**Student:** 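What follows is a single structure, and I will ask about it in a moment.
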Amino acid sequence: MLKGADASVMEQEDFASQHREMTSWDINDIKLPQHVSQTDWFQEWPDSYVKHIYSSEDKNAQRHHSSWAMRNTNNHNSRILKKSCLGVVVCGNDCSTLDGRKIYLRPAICDKARQKQQRKCCPNCNGPLRLLSCRGHGGYPVTNFWRHEGQFIFFQSKGAHDHPRPETKLEAEARRSIQKAKTAFSPTSLRLKRIQEIE
DNA sequence: CAATGCGGGCCTT
DNA sequence: AAGGCCCGCATTG
Ligand SMILES: [Zn+2]
Ligand SMILES: [Zn+2]
């Protein structure tokens, strides 16, 4: 009887300490959990104030990926990588596709590429594009933090995105190649090719 | 070409 | 000191 009760208490304490090990840490702690019983599967859309512990083998974690458009930002701490959200690119006239969906483009991560992007037109209605910035963290963009420690990669996010999800990296890449193919076969482009062949 | 990371430097609180 | 951010440069794919 007593033995059973003790075991139950022990199990609960194990649970509690396990839970503490998994969640009671902050990215800024001097020491992070060393004995993690289980790592998380990569989270593509981390939102709100969440923390994850990934395996150092996880390719997505290694590359500090996110389907949110996150850009590197200088926090003067080489141990902890900080990224902040760029929001989402929307159509300036709020058009919808034929199947009733809104345009939520992925902001280019590179500053220069983003400036170019904002001069382009809506792929659906040809209207102007607008960058909807993220204000999910006290009026500032949501931030993500990454830290490699031993065989783990610790992730922590601060803030809740106050905007729609952008296209994923893959969707954005696909859109670009389609656009590229379109221009390559456009009448003007074909005409230019002819001219170059003659020369 | 663009994604990603680094770090000097500047600004405001 | 801390946080946000701009910018140029390097690496990677
Ligand atoms: Zn549009
Ligand atoms: Zn955001």
Side-chain angles (χ1 to χ4, degrees), chain A residues 25-30 32 42-90 103-123 129-186 188-189 192-193 196:
Chain A
W25 54 270
D26 185 271
I27 202 77
N28 292 305
D29 289 349
I30 307 292
L32 260 36
F42 182 73
Q43 300 298 301
E44 197 179 351
W45 299 102
D47 206 344
S48 76
Y49 297 76
V50 296
K51 291 182 277 188
H52 292 291
I53 302 177
Y54 299 122
S55 159
S56 57
E57 309 288 299
D58 188 311
K59 296 293 181 192
N60 283 313
Q62 283 173 9
R63 287 157 201 173
H64 313 129
H65 279 171
S66 173
S67 283
W68 299 102
M70 307 298 294
R71 74 157 163 197
N72 181 295
T73 182
N74 188 6
N75 63 341
H76 296 280
N77 181 344
S78 52
R79 291 292 190 79
I80 301 174
L81 178 63
K82 177 181 180 180
K83 292 186 160 198
S84 64
C85 181
L86 288 166
V88 62
V89 174
V90 298
I103 299 295
Y104 296 130
L105 303 184
R106 183 180 190 78
I109 305 300
C110 170
D111 292 352
K112 203 179 164 193
R114 189 161 0 94
Q115 287 163 22
K116 266 189 222 169
Q117 179 184 40
Q118 289 180 68
R119 312 218 141 178
K120 294 179 183 170
C121 310
C122 170
L129 291 178
R130 231 162 44 75
L131 178 63
L132 196 61
S133 51
C134 181
R135 303 225 162 83
H137 187 211
Y140 286 103
V142 168
T143 49
N144 286 358
F145 298 86
W146 296 89
R147 181 169 157 193
H148 292 231
E149 207 67 53
Q151 51 186 145
F152 305 113
I153 299 175
F154 294 84
F155 170 89
Q156 183 169 345
S157 86
K158 298 182 180 176
H161 298 277
D162 60 342
H163 55 85
R165 293 176 174 187
E167 287 180 322
T168 66
K169 200 173 310 182
L170 287 174
E171 288 167 335
E173 279 170 13
R175 182 186 288 284
R176 269 193 272 168
S177 28
I178 289 170
Q179 188 55 45
K180 184 182 279 181
K182 259 186 171 177
T183 40
F185 282 107
S186 76
T188 58
S189 176
L192 287 172
K193 269 185 193 171
Q196 289 184 342

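In the text below, chain A, chain B and the rest are named by the order of the sequence lines, each starting its count at 1. Note that the coordinates shown come from a computational prediction; the quantities given were computed from them, not determined experimentally.
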**Student:** Using a cut-off of 4.0 Å on non-hydrogen atoms, how would the nucleic acid contact of A:Lys116 be classed: base, sugar-phosphate, or nothing?
**Tutor:** sugar-phosphate
**Student:** Taking any atom under 4.0 angstrom from a heavy atom of chain A, which nucleotides of DNA chain B are the first and last to qualify, 5' to 3'?
**Tutor:**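 Going 5' to 3' along DNA chain B, contacts run B:dA2 to B:dG9.
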**Student:** In chain order, what residues pass the side chain to side chain donor-acceptor pair (under 3.5 Å) check against A:Glu44, with sequence neighbours excluded?
**Tutor:** A:Ser67
**Student:** Can you check nucleotides 2-7 of chain C for protein contacts, nitrogen or oxygen pairs under 3.5 Å, and list what you find?
**Tutor:**
{"unit_1": "C:dG4", "atom_1": "OP2", "unit_2": "A:Lys82", "atom_2": "NZ", "d": "2.3"}
{"unit_1": "C:dC5", "atom_1": "N4", "unit_2": "A:Asn74", "atom_2": "O", "d": "2.8"}
{"unit_1": "C:dC6", "atom_1": "OP2", "unit_2": "A:Arg71", "atom_2": "NH2", "d": "3.1"}

**Student:** Keeping the roles fixed (side chain from A:Gln118, backbone from A:Gln115), state whether a donor-acceptor pair exists under 3.5 Å.
**Tutor:**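 Here the side-chain-to-backbone pair does not exist.
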**Student:** Holding to side-chain contact (heavy atoms from CB on, under 4.5 Å), I want the full list of residues that pass it with A:His64, two or more places apart in sequence or in another chain.
**Tutor:**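 Per chain and number, A:His64 pairs via side-chain contact (heavy atoms from CB on, under 4.5 Å) with A:Leu81, A:Lys83, A:Trp146, A:His148.
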**Student:** Given side chains that start at C-beta, do those of A:Thr143 and A:Ser157 come closer than 4.5 Å, heavy atoms only?
**Tutor:**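 Sidechains of A:Ser157 and A:Thr143: no contact.
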**Student:** For A:Arg114, which residues count as a side chain to side chain donor-acceptor pair (under 3.5 Å) partner, sequence neighbours excluded?
**Tutor:** A:Asp111
**Student:** Between A:Arg175 and A:Glu167, does at least one N-O distance fall below 4.0 Å, as a salt bridge requires?
**Tutor:**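 Looking at A:Glu167 together with A:Arg175, the answer is yes, because their closest N to O distance falls below 4.0 Å.
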**Student:** Of all residues at least two apart in sequence or in a different chain, which pass the salt bridge (Lys or Arg N to Asp or Glu O under 4.0 Å) check with A:Glu173?
**Tutor:**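 In terms of salt bridge (Lys or Arg N to Asp or Glu O under 4.0 Å), with neighbours along the sequence ignored, A:Glu173 is linked to no residue.
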**Student:** Please work out if A:Arg114 contacts a base, only the sugar-phosphate, or nothing of the nucleic acid, heavy-atom cut-off 4.0 Å.
**Tutor:**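 Counting heavy atoms under 4.0 Å across all strands, no contact is made by A:Arg114.
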**Student:** In chain order, what residues pass the ring pair (Phe, Tyr, Trp, His ring centres under 6.0 Å) check against A:Tyr104, with sequence neighbours excluded?
**Tutor:**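 Scan of A:Tyr104 (ring pair (Phe, Tyr, Trp, His ring centres under 6.0 Å), adjacent residues dropped) gives none.
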**Student:** Could you tell me which residues satisfy ring pair (Phe, Tyr, Trp, His ring centres under 6.0 Å) with A:His163, sequence neighbours excluded, listed by chain and number?
**Tutor:**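 Applying ring pair (Phe, Tyr, Trp, His ring centres under 6.0 Å) to A:His163 gives A:Trp68, A:His161.
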**Student:** Under the 3.5 angstrom rule, does the side chain of A:Gln156 hit a backbone N or O of A:Phe145 as a donor-acceptor pair?
**Tutor:** no
**Student:** At what angle, to 10 degrees, do the two end axes of the helix from B:dC1-C:dG13 to B:dT13-C:dA1 meet, given five pairs define each axis?
**Tutor:** 10°
**Student:** Report the residues that fulfil side chain to side chain donor-acceptor pair (under 3.5 Å) with A:Lys169, sequence neighbours left out, ordered by chain and then residue number.
**Tutor:** A:His65
**Student:** Of all residues at least two apart in sequence or in a different chain, which pass the side chain to side chain donor-acceptor pair (under 3.5 Å) check with A:Arg165?
**Tutor:** none
**Student:** Where the side chain of A:Asn75 meets the backbone of A:Ile80, is there a donor-acceptor pair that is under 3.5 Å apart?
**Tutor:** yes
**Student:** Would you tabulate the nitrogen or oxygen pairs shorter than 3.5 Å linking the protein to nucleotides 11-13 of chain C?
**Tutor:**
none

**Student:** By nearest nucleotide on DNA chain B, pick out whichever of A:Ser78 and A:Met70 is the more 5' one.
**Tutor:**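 The 5'-side residue here is A:Met70.
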**Student:** Base, sugar-phosphate, or nothing: which does A:Lys112 touch, judged by heavy atoms less than 4.0 Å apart?
**Tutor:**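 If one applies the 4.0 Å heavy-atom cut-off, A:Lys112 turns out to touch nothing in the nucleic acid.
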